[in-house]
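To keep things clear, I will list the structure first and then write my remarks on it.
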Number of protein chains: 2
Amino acid sequence: MATIWIKHADVITLNEHGTLLHDADILIEGTRIKTIGTVPPDTQADEIINAAGYVALPGFFNAHCHAPMTFERGWAEDLPFPRWLNEKIWVAESALTPDDVYWGAALAACEMIRSGTVGFNDHYFHMNRVAEVVEQSGLKAMLAWCTFGIGDDKEIGPGADAQIAFSREWQNAAEGRIHTCLGPHSPYVCPPEFLKKIVELAGQYDMAIHLHVAESSEQVENSQQRHGQTPVEQLNTLGVFEHRTIAAHSLALTPTDCAILAEKGVFITRTPITYMKLAMPIRTLISELRAAGITRIALGSDGPASNADMDMLAVVRQTVLLEKYLRVDPEALPGDTALRMATQTGAQALGFNESGVLAEGRTADLILVNFNQPHLRPRHDLVANLVHSAKGADVTHVISDGKLLMRDRILLTLDEKRILDEAERRAFRMVNQNMNQVREYQA
Amino acid sequence: MATIWIKHADVITLNEHGTLLHDADILIEGTRIKTIGTVPPDTQADEIINAAGYVALPGFFNAHCHAPMTFERGWAEDLPFPRWLNEKIWVAESALTPDDVYWGAALAACEMIRSGTVGFNDHYFHMNRVAEVVEQSGLKAMLAWCTFGIGDDKEIGPGADAQIAFSREWQNAAEGRIHTCLGPHSPYVCPPEFLKKIVELAGQYDMAIHLHVAESSEQVENSQQRHGQTPVEQLNTLGVFEHRTIAAHSLALTPTDCAILAEKGVFITRTPITYMKLAMPIRTLISELRAAGITRIALGSDGPASNADMDMLAVVRQTVLLEKYLRVDPEALPGDTALRMATQTGAQALGFNESGVLAEGRTADLILVNFNQPHLRPRHDLVANLVHSAKGADVTHVISDGKLLMRDRILLTLDEKRILDEAERRAFRMVNQNMNQVREYQA
């Protein structure tokens with residue numbers, strides 16, 4: 001088995017005691033952490049990393065994103081949500097080919113590895129092409145092929161058979177690094193009969209469900225008018241929460257909703273930068289979720305069309321800053337809590353339960369951050385410096401399943417230069433092609 | 001005169017038309033930009049920079065900070081403001097020596113250059129030692145030696161004579177890169193008689209004034225009770241605004257306050273990350289300032305004890321995100337506007353009126369950002385990618401007064417390794433010394 005010996009690192013373990021280690025060694029054997037602390041000096045290793053002045057911590061899990069939307073980064077700026085979606089995003093996406101999805105996800109994979117992410121929870125189209133990127137990159141992922149309905153009968157997406165075929169082909173592929181789940185878009189574009197079918201499939205094939213929930217008060221009111229229930233109540237009634245569910249956003253919740261989500265152990269993913277950029281009010285703060293007993297709160301970047309980057313350190317910082325500001329309480333949401341949300345809770349949401357903690361026997365999903373830089377000194381508080389001053393670019397090494405994906409800022413599994421050029425060329429083609437169509441239509 | 005020829009850059013000029021140039025050359029001669037666009041091929045230059053895929057833009061001006069507070073980065077986390085100040089910050093600062101101030105500012109200078117800042121507006125103690133750092137680093141700065149009063153007679157700080165002596169020694173020093181101004185802390189710790197003396201000195205020596213204004217509703221109410229006027233009204237009555245004034249924060253303003261600030265052309269500096277981290281409500285949003293006719297709004301990082309970094313790209317992004325979110329308007333504050341606040345308006349606040357725009361004849365204060373990276377592709381919108389995806393670490397070259405301060409991420413004017421070690425050693429000593437004193441006092 002391949003071995004990596006990391007020497008002299010400061011370690012943020014994120015274990016239950018919040019243990020920090022100074023000048024410690026980490027020995028990785030195969031896909032697991034064998035030793036943390038002192039490694040016997042006569043140990044042989046295939047790779048030795050001198051990490052003096054570097055901080056080791058669990059790799060990030062991005063628990064809600066649409067990776068191929070890198071193609072639309074910067075494509076729809078400073079617009080209200082309906083115009084953002086209808087005039088720009090959907091217009092561009094309608095010209096997307098399966099190959100485009102591959103290259104968009106590859107661009108996202110480069111960006112994610114460069115900023116310390118080891119796993120992502122993706123929700124998009126042509127997911128077999130995203131799966132190829134996961135396989136090649138060495139990342140981990142849970143992949144949902146987005147489906148939705150128009151009216152009561154028209155179903156958009158691959159259909160149940162194709163979804164199950166995708167899942168059977170890719171579930172636990174890439175040495176177990178790929179998980180698949182069902183991806184109904186949301187209760188507001190999936191009629192009840194449609195969601196019932198999803199629940200049946202989830203039961204039959206033991207699959208998790210990843211969807212968008214309660215993104216606005218308006219959605220909640222519409223649901224109450226149409227179904228006599230909030231979105232959360234409706235999903236509960238339909239049986240969705242009997243399966244592992246990742247409810248992205250969940251911004252507008254009633255106390256009853258919170259009680260349901262707590263009782264059912266539903267994962268909520270918050271993507272704060274999207275809420276700020278698109279001006280989507282957070283009606284139920286993280287502190288309120290926690291007070292209601294909801295412990296499974298993960299973090300994500302959302303798609304690069306709305307964020308516009310996939311840097312989980314930016315997400316972590318924004319999560320604590322926004323919570324403190326909106327609660328008017330500087331003690332709200334300490335950095336350590338947010339780091340756990342972005343690592344171990346995300347890992348659990350994606351079904352990678354051995355990740356997210358640095359401990360002997362755990363999966364070797366970890367990153368190194370170079371603290372030998374002016375903005376990360378002095379080191380009074382490693383966690384505070386990491387949360388409030390570190391950036392994605394400070395990550396130097398990324399290890400997933402004991403395998404190096406980046407060494408000293410060099411990507412090892414992907415042809416980055418080719419991806420940058422090919423993805424950009426295709427993104428330019430995509431938007432030009434469609435804007436020409438729009439112009440023809442309008443003429 | 002030394003010349004630098006930058007080739008093949010995309011250029012965000014920030015001129016009045018918002019001109020963007022693709023694959024353009026920039027020729028710098030001495031301290032000025034000689035040519036932008038096409039440089040004759042037979043031109044000789046001392047340095048040629050191949051900037052293909054890089055974006056050139058004006059360097060940032062950090063319009064409110066306390067640079068030596070790098071020593072307290074991560075030293076006072078997740079605390080309410082009074083405990084943050086009284087139990088941690090003032091305790092640590094009471095052990096600060098003039099040499100500590102030098103090393104703290106040197107650490108900040110490394111961080112600022114690395115993230116694309118060319119000028120900063122500093123407000124602290126022992127400012128002659130900060131001036132030394134400015135001289136050595138090649139940065140620009142406006143320096144205020146902070147003074148304040150306790151009760152009506154006790155004055156803390158260097159006293160009028162020493163302030164004027166400092167100013168006479170350093171005003172326009174370092175080839176004009178150092179400006180000095182007066183630094184009364186704020187109306188809430190400077191009694192009226194004290195402020196009147198400041199106004200007299202400002203008139204006598206033609207000096208600008210940099211102070212903290214209206215940081216909270218509580219301060220405004222206290223001022224109204226004590227003086228029968230808001231802080232802004234009081235400062236106006238005392239004649240402060242007859243001189244160029246930088247009013248940091250100005251978070252809680254009445255319509256009358258806004259009218260005064262607009263009429264008098266007062267510069268306001270906003271530091272949004274501090275407001276979020278310390279949970280300080282922004283009662284008057286930037287959109288409201290602009291609607292009231294206040295055009296001189298600059299941006300700053302504040303001190304690293306409250307932010308905790310000095311990355312102006314992080315400040316720019318946070319400014320637009322927070323404004324959109326709090327206004328519930330995704331169209332609020334486009335990226336281009338925020339970039340101008342962080343460059344040209346900041347430069348004007350500090351008295352460097354030829355900076356902040358890339359145009360022929362202007363001062364060569366500019367930076368290059370490497371867009372050959374996955375998080376900055378595709379390049380549908382250079383400004384959007386810069387504001388929402390770029391980080392300080394993406395800045396590769398920094399030029400101030402036509403002189404390279406950083407080339408390909410290597411600092412050219414400062415001994416970075418020595419500064420990192422010496423600053424950290426002193427910061428650890430400072431907090432340990434004082435915490436021991438606190439323990440002795442409590443025992």
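Chain A is the first sequence line, chain B the second, and so forth, proteins listed ahead of strands; every chain is numbered from 1.
- Comparing A:Ser115, A:Pro378, A:Pro80 by heavy-atom pairs within less than 4.5 Å of chain B, the highest count is held by A:Pro378.
- For a residue to count as touching a neighbouring chain, one of its non-hydrogen atoms must lie under 4.5 Å from one of that chain's; by this rule B:Ile282 touches chain A with backbone and side chain alike.
- Within residues 328-335 of chain B, the residues having any heavy atom less than 4.5 Å from a heavy atom of chain A are, in residue-number order, B:Val328, B:Asp329, B:Pro330, B:Glu331, B:Pro334, B:Gly335.
- Only the backbone of A:Leu79 comes within contact range of chain B, with heavy atoms under 4.5 Å apart.
- With A:His380 contributing its side chain and B:Ala76 its backbone, the two residues share no donor-acceptor pair below 3.5 Å.
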> Can A:Leu321 and B:Gln318 be said to form a side-chain contact (heavy atoms from CB on, under 4.5 Å), step by step?
Replying inline: CA-CA 10 Å; A:Leu321 289 177; B:Gln318 196 63 271; 3.5 Å; yes

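- Identified under the salt bridge (charged side-chain N to carboxylate O under 4.0 Å, His left out) test for residues 108-117 of chain A, with sequence neighbours left out: A:Arg73-A:Glu111, A:Arg114-A:Glu416.
- In this structure, the portions of B:Leu107 lying under 4.5 Å from any heavy atom of chain A include both its backbone and its side chain.
- Considering only heavy atoms from C-beta on, B:Lys417 stays 4.5 Å or farther from A:Asn372 through its side chain.
- Both the backbone and the side chain of B:Leu322 have a heavy atom closer than 4.5 Å to some heavy atom of chain A.
- Chain A forms the most heavy-atom pairs under 4.5 Å with one residue out of B:Ser389, B:Ala384, B:Ala427, B:Ala423, and that residue is B:Ser389.
- For chain A, the nearby part of B:Met280 is the backbone; its heavy atoms alone come within less than 4.5 Å.
- Of the listed residues B:Glu323, B:Glu77, B:Glu72, the one with more heavy-atom pairs under 4.5 angstrom with chain A than any other is B:Glu77.
- For A:Gln373, the side chain to side chain donor-acceptor pair (under 3.5 Å) partners two or more places apart in sequence, or in a different chain, are A:Asp394.
- Summarising the geometry, atom CZ belonging to B:Phe428 is positioned 8.0 Å from atom CZ belonging to A:Arg377; distances are rounded to the nearest 0.5 Å.
- Within 6.0 Å of CZ in A:Arg379 there are more than 12 heavy atoms belonging to other residues, nucleotides or ligands.
- If you tally non-hydrogen atom pairs under 4.5 Å between each of B:Ala390, B:Ala393, B:Pro281 and chain A, the highest count goes to B:Pro281.
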>> Is there a side-chain contact (heavy atoms from CB on, under 4.5 Å) between A:Met276 and B:Val320? Walk through the geometry before answering.
In response: CA-CA 9 Å; A:Met276 298 181 80; B:Val320 302; over 6 Å; no

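- One distance of note links OH of B:Tyr325 with CD1 of A:Ile273; it measures 13.5 Å at 0.5 Å rounding.
- Using a 4.5 Å heavy-atom cut-off against chain A, the contacting residues of residues 307-317 of chain B are B:Asn307, B:Ala308, B:Asp309, B:Asp311, B:Ala314, B:Arg317.
- Interface remark: B:Lys277 contributes backbone and side-chain atoms alike to the contact with chain A (heavy atom separation under 4.5 Å).
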